[in-house]
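One structure below.
Just so you know, ligand 1 is whichever comes first in the structure, and atom 1 is the first atom listed for that ligand.
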Amino acid sequence: MNKKIVLALGGNALGEGLAEQMQAVKTTARAIVDLIEHGHQVVVTHGNGPQVGMINLAFEAAAKSEAHTPMLPMSVCVALSQGYIGYDLQNALREELLDRNIVKPVATLITQVIVNGSDPAFLNPTKPIGSFFTKAEASQLTKNGYNMVEDAGRGYRRVVASPKPIDIVEKETVRAMMEAGQVVITVGGGGIPVIREGNHLRGASAVIDKDWASAKLAEMIDADMLIILTAVEKVAINFGKPNEQWLEQLSIADAQRFIEEGHFAKGSMLPKVEAAVAFAESKPGRQALITVLSKAQQGIEGKTGTVISH
Ligand code: ADP
Ligand code: MG
């Protein structure tokens, strides 16, 4: 069965830093083209945590040493990250398609996502971006005015506001490219957060969660499946504990119960399960799959991963 799929790539699909990314996208492109070869219509989305953090920190450092360098609004940092990641990803996909004699144009779409200016998230920043810091470095950065939090036992990271996506400005273009049989890379890094002011779209100081934005996109282009590719093959309850249990099928009701019981870490697995539930319950027949990149096709066939559905 050929499916209309929104494929959300996690951090491990892109690696960290320029050299690592260029290498990582080759493996990623092979996995994506495998799905295309199976006849699926694939729309690609991706995260940008390390990249947007790197871009932001670089411009901050430049602004400190060189007074004429402008500080970049977070919306512009996200736009730059879409361009830089999309550039690597579309080239890797183009090459992999050509190597398999598949004629299919690939392009990256700079994508804006509408958020609500009075979203309570603006008052309580929660989204980790950029690299990890030690406790000592983090306390220094806190003094410099950054919001720093401990991230799932892996160190300290800067956090920014993460409002919910309401609408995708370029959704008609995504749909047109998909229907024309083209591969489109879109809502990179959750999309450029913008607030509607009449006909004007004003950039917001935020980073939208890519799992939430991908679920919104999947709904809007009427996808059959949302696939969230990450570093684990399945979702677990009691994750990391002796009674850890990996889940294969997850009903919406069970997912909601496990969310309430606190089984999924904030900022990592929680938004994935929440986004998966939001998509699966948006229309009968819609399914979400959470698995690793290398197992995507097996997951579609129901052989692995965690499937969230009615
Ligand atoms: P991505 O870059 O793909 O968004 P994240 O690091 O944000 O990846 O989230 C995936 C991580 O979530 C996994 O690698 C795992 O360490 C962690 N995680 C937290 N809670 C769970 C859980 N209940 N089941 C599986 N993984 C979990
Ligand atoms: Mg994440």
Counting from 1 in the order shown, the ligand 1 atoms closer than 4.0 Å to a non-hydrogen atom of Ala231 are 14 (O)

task: In plain terms, say whether Lys272 and Asp211 are close enough for a salt bridge, that is, a side-chain N and a carboxylate O under 4.0 Å apart.
output: yes

Considering both backbone and side-chain atoms of Gly11, is one of its nitrogen or oxygen atoms within less than 3.5 Å of a nitrogen or oxygen in ligand 1? yes

Any donor-acceptor N/O pair, Asn147 side chain to Thr142 backbone, under 3.5 Å: no

Logged contact type for Lys266 with ligand 1, heavy-atom cut-off 4.0 Å, is neither

Query raised in the report: Is it true that a side-chain atom of Gln82 and a backbone atom of Thr186 form a donor plus acceptor pair closer than 3.5 Å?
Result: no

Residue, atom and distance of the protein heavy atom nearest atom 13 (C) of ligand 1 read Val232 CG1, 3.9 Å

Of Met269, Arg154, Lys234, the one whose closest heavy atom lies nearest atom 26 (N) of ligand 1 is Met269

Atom 15 (C) of ligand 1 has as its nearest protein heavy atom Phe239 CZ, 3.6 Å

*Asn12 N/O under 3.5 Å from ligand 1 N/O*: no

Would you say Gly49 contacts ligand 1, with heavy atoms under 4.0 Å as the rule? no

task = Could you give me the CA-CA distance, side-chain angles and deciding distance for Asp209 and Lys127, then say whether salt bridge (charged side-chain N to carboxylate O under 4.0 Å, His left out) is met?
result = CA-CA 8 Å; Asp209 190 278; Lys127 176 79 185 165; 3.3 Å; yes

Honestly, for Lys210 the part within reach of ligand 1 (heavy atoms, under 4.0 Å) is side chain

For atom 11 (C) of ligand 1, the closest protein heavy atom turns out to be Ser268 CB, 4.0 Å

Practice item. Would you kindly say whether Gln298 and Thr304 are connected by a side-chain donor-acceptor distance under 3.5 Å? Key: no

Practice task
Compute whether any side-chain donor of one residue and acceptor of the other, for Glu301 and Gln297, lie under 3.5 angstrom apart.
Solution key: yes

When you measure from the side chain of Glu244 to the backbone N and O of Gly240, does any donor-acceptor pair fall under 3.5 Å? yes

So the atoms of ligand 1 within less than 4.0 Å of a heavy atom of Gly10 turn out to be 1 (P), 2 (O), 3 (O)

Residue-ligand contact His46/ligand 1, heavy atom below 4.0 Å: no

On the ring face of Tyr146, is Arg158 found with NZ or CZ under 6.0 Å from the centre and within 45° of the axis?
no

of all protein heavy atoms, closest to atom 24 (N) of ligand 1 is Ala236 N, 3.0 Å

Strictly by modelled atom types, are Glu16 and Gln51 linked by a side-chain donor-acceptor pair under 3.5 Å?
no

Q.
Is there a polar contact, in the sense of an N or O pair closer than 3.5 Å, between His263 and ligand 1?
A. yes

(Q) Does this structure show an ion pair linking Arg196 with Asp167, if we count only N-O contacts that are shorter than 4.0 Å? (A) yes

closest protein heavy atom to atom 4 (O) of ligand 1 is Lys272 NZ, 2.5 Å

One finds that the ligand 1 atoms under 4.0 Å from a non-hydrogen atom of Gly267 are 7 (O)

- prompt: So, does Ser309 use its side chain to make a donor-acceptor pair with the main chain of Gln287 at under 3.5 Å?
  reply: no

Restricting to heavy atoms, the pick from Leu14, Thr230, Val235 nearest atom 10 (C) of ligand 1 would be Thr230

